[in-house]
Number of protein chains: 2
Amino acid sequence: MATIAVENYLKHILLLSRDSSELVPMGALAGALSVVPGTATTMVKSLADEGLVEHRPRCGVRLTGEGRRVALNVLRKHRLVETFLVDVLKMDWSKVHTEAEQLEHAISDEVLDRLDALLGHPQSDPHGDPIPSKQGKLSSQVYATVATCLAGPNLRVVRITEQSAEFLQFAEKKGLQPGTTWRVTERDLTGGLVTLRRGTGKPLALSLAAAGNILVEPLKPATGPAEGE
Amino acid sequence: MATIAVENYLKHILLLSRDSSELVPMGALAGALSVVPGTATTMVKSLADEGLVEHRPRCGVRLTGEGRRVALNVLRKHRLVETFLVDVLKMDWSKVHTEAEQLEHAISDEVLDRLDALLGHPQSDPHGDPIPSKQGKLSSQVYATVATCLAGPNLRVVRITEQSAEFLQFAEKKGLQPGTTWRVTERDLTGGLVTLRRGTGKPLALSLAAAGNILVEPLKPATGPAEGE
DNA sequence: GGCTCCTTTTTGATTAGTCAAAATCAATCT
DNA sequence: AGATTGATTTTGACTAATCAAAAAGGAGCC
């Protein structure tokens, strides 16, 4: 069985690469795991020995088929646990990430399956992050962010791509949960500000940095709803 | 925070001592944890340094107040998780122990509380083992075992004190869950056999060893139901 | 071409937890 | 008492994961 550390390395390599052929630089990996670069190098070499990753010295690292399989399973556990914590235990949206970080390494595949069934086989977790299927398929739909949307059309929030409790708390307080509808009323690129409005509610100003963490889709797609990738 | 190993040592010391003043021999502890005796000695000494146990060299070990607090919290997590797995996820009675062994170290106190509330603050887990209260109170009701009951009166199963999947599977198959009612129809001490019967069902013969794992209470106590200690 | 800077790798140490096997202790049994 | 036995502790070694700091590459810049 993979240790907790191994599972974490694999999960973060998966999260840091947009497609499975892309090399993740060691520095980025070390940063994501909060270890010094030397530690990441050592660990990656031993993962390579086990056939879980391919290490290109001085270039980076990527998952092998087997490594990706393990990583997707961990990610599936993480996101299903998050969903469980919010939907069933009614936990605070902003706390579940840290909690799931522990639980993802402690639940068996059987519990995973039963949790999945209990929750009705959800497609995405409370932050809108897609949940890998049991077969290891991960939806990679590309969404626009609030930072890049023009003023005008109604937008549905689909995902918050920033796991920090601080940001999530902020988003929750402002009502920016996935599923809610907003429109951009103002874009001030010079000032780095975007202003949103939910129906006739009061306007909400966001920095471009913050807005970049909020993925949205246009509310009534012109050519009918596109069915995944 | 206590590591997983520390939590396990404390939990097993708690489980191996009937009252909190009793010394647990190092051999017994090592056996319960499946480590060699030397490992237990080393670990116990470091637990003593942290003030979690009191180590009497060559005699044994017992929990301090703080150690007991931590141990009870782990046990509470273990038993509430088991209850959750059976009651909510409908998992097999005989599998939940191993599962809970992992999860008990991964859930936070907040999740614990919410789980407790979700399950309706149960007093005992699916095996009938008492669940420590949040305040650290552990019911220590003493029950008779089937091995020591005379033939005749109706008995309610309250607890199975044997965590092995094999035994639990056997008990489940025979219908020996906590809450069910049986009576002893025959005791053959020489042969080491006890025969039980559930209503008018077919008789079930158990070895004394097996019968000793099944705790029962008389169904209609003569002097009114005693209200715990 | 040679320098500089940034990233990555190497090297040497450290911590937690473990095992194997030798040493020690205490209790019991002649 | 002296010897035997069984439990416990000590000693030395190992693995996984980590850090700090030195060494090595490579990319771009004069």
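None of the values given here were measured: they were computed from a predicted structure. Residue numbering restarts at 1 for every chain, and letters A, B, ... go by the order of the sequence lines.
Below 30°, between 30° and 60°, or above 60°: for B:Trp93 and B:His127 the angle between ring planes is between 30° and 60°, a tilted geometry.
A:Leu29 places its CG atom 14 Å from the C1' atom of D:dA17, with the value rounded to the nearest Å. Atom CG of A:Leu33 is separated from atom C1' of D:dA16 by 15 Å (rounded to the nearest Å). Here the C1' atom of nucleotide D:dT9 and the CZ atom of B:Arg56 are 17 Å apart, to the nearest Å. Atom pair B:Leu47:CG and D:dT9:C1' shows a separation of 16 Å (rounding to whole Å applied). Here the P atom of nucleotide C:dT8 and the CG atom of A:Leu23 are 11 Å apart, to the nearest Å. Distance CD1 (A:Ile4) to P (C:dG17): 13 Å, rounded to an integer number of Å. Look at NE2 on B:His105: it is 12 Å from P on C:dG17, rounded to the nearest Å. Spacing between atom CE of A:Met1 and atom P of D:dA16 amounts to 16 Å, rounded to whole angstrom units.
Contact check, B:His55 against D:dT8: no side-chain N or O comes under 4.0 Å of OP1 or OP2. Phosphate proximity of C:dT8 to A:Thr41: absent, as no side-chain N or O sits under 4.0 Å from OP1 or OP2.
A:Pro132 pairs with exactly one of A:Leu80, A:Leu14, A:Leu75, A:Val74 by the side chain to side chain contact (heavy atoms under 4.5 Å, CB included) rule, that one being A:Leu75. Checking A:Lys77, A:Arg76, A:Lys11 one by one against A:Glu104, the salt bridge (Lys or Arg N to Asp or Glu O under 4.0 Å) holds for a single residue, A:Lys11.
Comparing D:dT8, C:dT10, C:dT8 against the side chain of B:Pro25 picks out D:dT8 as the nearest. For B:Ala5, whose side chain is taken as the heavy atoms from C-beta onward, the closest listed nucleotide among C:dC19, C:dT18, D:dC19 is C:dT18. Nearest to the side chain of B:Pro57, among D:dT9, C:dT10, C:dT18, sits D:dT9. When the nucleotides C:dG17, D:dT9, C:dT8 are ranked by their closest atom to the side chain of A:Met26, C:dT8 comes out on top. Relative to the side chain of B:Tyr9, the nucleotides D:dT10, C:dC19, C:dT18 differ in distance, and C:dT18 lies closest.
Each end of the helix from C:dG1-D:dC30 to C:dT30-D:dA1 gets its own axis, taken as the rotation carrying the C1' atoms of four end pairs onto the next four within a five-pair window, and the two axes meet at 30° to the nearest 10 degrees.
By the 4.5 Å heavy-atom criterion applied to side chains, B:Leu208 and B:Leu193 are not counted as neighbours. Put simply, the side chain of B:Met26 reaches to within 4.5 Å of the side chain of B:Val61, judged on heavy atoms. Residues A:Arg187 and A:Leu189 form a side-chain contact, since some pair of their non-hydrogen atoms from C-beta on lies under 4.5 Å apart.
Looking at which nucleotide of DNA chain C each of B:Gly38 and B:Met43 is closest to, the 5′-most match is held by B:Met43. Nucleotides of DNA chain D nearest to A:Arg58 and A:Thr3 differ in position, and the one nearer the 5' end is that of A:Thr3.
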- Task: Before giving the answer on side chain to side chain donor-acceptor pair (under 3.5 Å), spell out for A:His78 and A:Asp125 the whole-Å C-alpha distance, their side-chain angles and the decisive distance to 0.1 Å.
- Result: CA-CA 9 Å; A:His78 181 99; A:Asp125 76 8; 5.7 Å; no
